[in-house]
2 protein chains.
Amino acid sequence: MVAIVPAAGSGERLGAGRPKALVTVAGDPMVVRAVAGLVSAGVDDVVVVAPADHLDEMRSVLPAPARTVAGGADRVASVALGLAAIGDADVVLVHDAARCLCPADVTRAVVAAVRDGHGAVVPALPVADTVRRVDPAGRLVGPVDRTGLLAVQTPQGFAPDVLRRAHEAAAGSPTASRATDDAGLVEALGGEVVTVPGDPRAFKITTPLDLAMAEALLTAGDVSDGPPLAPDVRERSSPHGAEVRR
Amino acid sequence: MVAIVPAAGSGERLGAGRPKALVTVAGDPMVVRAVAGLVSAGVDDVVVVAPADHLDEMRSVLPAPARTVAGGADRVASVALGLAAIGDADVVLVHDAARCLCPADVTRAVVAAVRDGHGAVVPALPVADTVRRVDPAGRLVGPVDRTGLLAVQTPQGFAPDVLRRAHEAAAGSPTASRATDDAGLVEALGGEVVTVPGDPRAFKITTPLDLAMAEALLTAGDVSDGPPLAPDVRERSSPHGAEVRR
């Protein structure tokens, strides 16, 4: 089982002045946490796609079994370069480095669904917000049907040939470079994508606010492998067993 | 200027065993923080719609000028009961107690847009996630067009007659009780709703994860009235000016 971790993004919105995947959360770079999470779920080969001008820095922080290759012009190109670097595997995962607190159980569920015969699998959660559409003037233009509306996360899992075909098709498409995930490329080819339950902790760290939340989660309790954060987790982690105010 | 704060929800998802609005964030009940935020934006009358069996507790924690009335069977009914309790005002705001970290600047922008002649105004942010739709079997059923897709927040602002007409119509509608916000009721009548920029800090606290994020924000720096949380805000709030690890 192999995972590709696209980590070539600049991280401009984090304002950190360095590749986003190298920004630390409670002391460890996001990409290191993301790789560790994959490994704890049983992934035995990880290809990290790094910014070409930060390859050495990426290599210096990454633990085994992670390997590093140079990224491309956009996310789709970077995943394709990662795909070119993998060997034989029954499952290929693609996982955002910025979703570095994703519990291992989510990864295991994605892998299990691929092994059950699904060619493309994504973790997804119901959209919590009231979602609306606006016209260019900023006026709401009618409700958006929330039935079955889901926010899609990573790791996304694929049968290797399904992911390869999707990227081969994307390489010839002028619009594919705007795709925000790999399941979208499979869908564009008419391929079936199934969902497994996502987890709030698999959120994408994009802004300083997200970073503050991630650090709070790591302070509050076991993030990587436990059940969803519950009130009693927060109480257990407080000093001297004191009651947490709420 | 008056605000209605629907705060009659049970808070089951927070697992706190008490009304959600009374759950504390860093020591203060959400509803107290929400009222304080409105007052700091210039609101001079606040009607909090409380669970009927927690009226006394709600009254005991709320600062002036907040008043308390008993809520109804659902959110729409509760806002209608709040609306019946307000006096004359040029602007009526409806604000979720659970969005208690909403910066005052967001509230001011909503009020300004109503005073500029817009009958219904909502703060909104672009949807950050990749959003998809699934069929009942959990298979993705094609992409959702993200053009103009926004997540709607509160406070929502209204010309009083616009909000009253929307709730009068809702009272006779079997589907209105499922409305998740007041702007939706205005839209259902064909009324125009305009948007102003929302703020990530105006997120709705629903789960223990959200609560952890809210506490992290309050620890990290000035939430209620400053610019969006930036990396240097976190550094300024660290002890002895030490560099924050990232």
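Chain letters run A, B, ... following the sequence lines, proteins first, then strands; residues in each count from 1. What you see below is based on every heavy atom in this structure, not just the backbone, and it leaves out hydrogens, waters and symmetry mates.
- Using a 4.5 Å cut-off on side-chain heavy atoms (C-beta onward), B/Glu187 and A/Leu140 make contact.
- Taking B/Ala151, B/Ala137, B/Ala188 one by one and counting their heavy-atom pairs under 4.5 Å with chain A, the maximum is reached by B/Ala151.
- Interface summary for chain B: among A/Val131, A/Thr195, A/Val121, A/Leu150, the most heavy-atom pairs under 4.5 angstrom belong to A/Leu150.
- By the 4.5 Å heavy-atom criterion applied to side chains, B/Arg133 and A/Val144 are counted as neighbours.
- Ranked by heavy-atom pairs shorter than 4.5 Å toward chain B, the options A/Asp135, A/Val196, A/Thr147, A/Leu125 are led by A/Thr147.
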Practice task
Start with the C-alpha distance between B/Glu192 and A/Val141, add both sets of side-chain angles, then the distance that settles side-chain contact (heavy atoms from CB on, under 4.5 Å), and finish with yes or no.
Solution key: CA-CA 8 Å; B/Glu192 183 180 272; A/Val141 289; over 6 Å; no

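- Counting heavy-atom pairs closer than 4.5 Å to chain B, the top-ranked of the candidates A/Gly190, A/Ala124, A/Gly138, A/Pro136 is A/Gly138.
- Only the side chain of B/Val127 comes within contact range of chain A, with heavy atoms under 4.5 Å apart.
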With a cut-off of 3.5 Å and sequence neighbours excluded, list every side-chain donor-acceptor pair involving residues 207-214 of chain A.
unit_1	atom_1	unit_2	atom_2	d
A/Thr207	OG1	A/Leu209	N	3.3
A/Thr207	OG1	A/Asp210	N	3.2
A/Thr207	OG1	A/Asp210	OD2	3.2
A/Asp210	OD2	A/Thr206	N	2.8
A/Asp210	OD2	A/Thr207	N	2.9

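- Applying the salt bridge (charged side-chain N to carboxylate O under 4.0 Å, His left out) rule to pairs touching residues 25-37 of chain B yields B/Asp28-B/Arg33, sequence neighbours excluded.
- For a residue to count as touching a neighbouring chain, one of its non-hydrogen atoms must lie under 4.5 Å from one of that chain's; by this rule B/Val152 touches chain A with backbone and side chain alike.
- Highest contact tally toward chain A, considering only B/His118, B/Arg132, B/Arg139, is held by B/Arg132 [criterion: heavy-atom pairs under 4.5 Å].
- Your options are B/Thr130, B/Val194, B/Asp181, and the one with the most heavy-atom pairs under 4.5 Å with chain A is B/Thr130.
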